[in-house]
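Just below is one structure, and these are the notes that go with it.
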Amino acid sequence: PRASGTGYDWNLNDDDTNAVVEDIQALVARLRGEYNVHPERLYLVGQGTGGTAAMRLFLRRPDLFAGVANLDGEAPDMAHPL
């Protein structure tokens, strides 16, 4: 994310999307060592541009997430969403 005056702004291109997915996978692997995290029950949630980013991530890699909640964000503009 990029800091803005009121919070953070997400603007993901394909390369950014891949990097964020890798970061999420690394975080989940680390959290599984400390907490009872079920890897097939991960949900993405975001508001505004974060919701759009969450939806983009989910549509790119639906195999990694159980679902997505896009709160007040636009639908991502993607040539090939699935």
Side-chain angles (χ1 to χ4, degrees):
R2 172 182 51 150
S4 68
T6 59
Y8 291 93
D9 185 28
W10 291 82
N11 185 12
L12 298 178
N13 60 36
D14 287 340
D15 291 335
D16 294 335
T17 300
N18 293 334
V20 171
V21 166
E22 289 175 10
D23 288 347
I24 290 171
Q25 288 176 309
L27 175 63
V28 169
R30 195 171 63 225
L31 289 173
R32 289 184 71 195
E34 297 178 38
Y35 303 99
N36 185 17
V37 176
H38 194 296
E40 295 176 9
R41 295 185 181 153
L42 300 175
Y43 291 83
L44 295 171
V45 179
Q47 179 183 9
T49 57
T52 303
M55 187 76 112
R56 176 182 287 273
L57 291 169
F58 179 76
L59 290 172
R60 284 282 182 211
R61 294 299 307 269
D63 57 309
L64 296 179
F65 306 104
V68 63
N70 180 355
L71 308 173
D72 198 30
E74 296 180 8
D77 183 19
M78 301 169 67
H80 305 285
L82 293 175

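Values reported hereafter were calculated over all heavy atoms of this structure, with side chains retained and with hydrogens, waters and symmetry mates removed.
When the side chains of ILVMFWY residues are joined at heavy-atom separations under 4.5 Å, either directly or via intervening members, Val20 and Val45 end up in two distinct hydrophobic clusters. Under the 4.5 Å side-chain heavy-atom criterion for Ile, Leu, Val, Met, Phe, Trp and Tyr, Tyr43 and Leu71 are members of distinct hydrophobic clusters.
Around the CD atom of Glu74, the shell of radius 6.0 Å holds no more than 12 heavy atoms that belong to other residues, nucleotides or ligands. Dense packing is recorded around CG of Asp63, with more than 12 heavy atoms of other residues, nucleotides or ligands lying under 6.0 Å away.
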Quiz prompt | CA sep, side-chain torsions, deciding dist, call: Ile24, Phe65, side chain to side chain contact (heavy atoms under 4.5 Å, CB included) | solution = CA-CA 11 Å; Ile24 290 171; Phe65 306 104; 4.0 Å; yes
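Of the possible donor and acceptor atoms, none in the side chain of Thr52 sits under 3.5 Å from a partner among the backbone N and O of Gly73.
Rounding to the nearest 0.5 angstrom, the gap separating the CZ atom in Arg61 from the CG atom in Asn18 is 8.0 Å. The line from CZ of Arg60 to CG of Leu57 is 10.0 Å long, rounded to the nearest 0.5 Å. Interatomic distance, CG of Leu31 versus CG of Asn36, reported as 11.5 Å (0.5 Å rounding).
Of all heavy-atom pairs between Gly46 and Ala54, the closest is N-CB, 4.2 Å. Counting all heavy atoms, side chain and backbone alike, Met55 lies closest to Pro76 at CG-CD, 3.5 Å.
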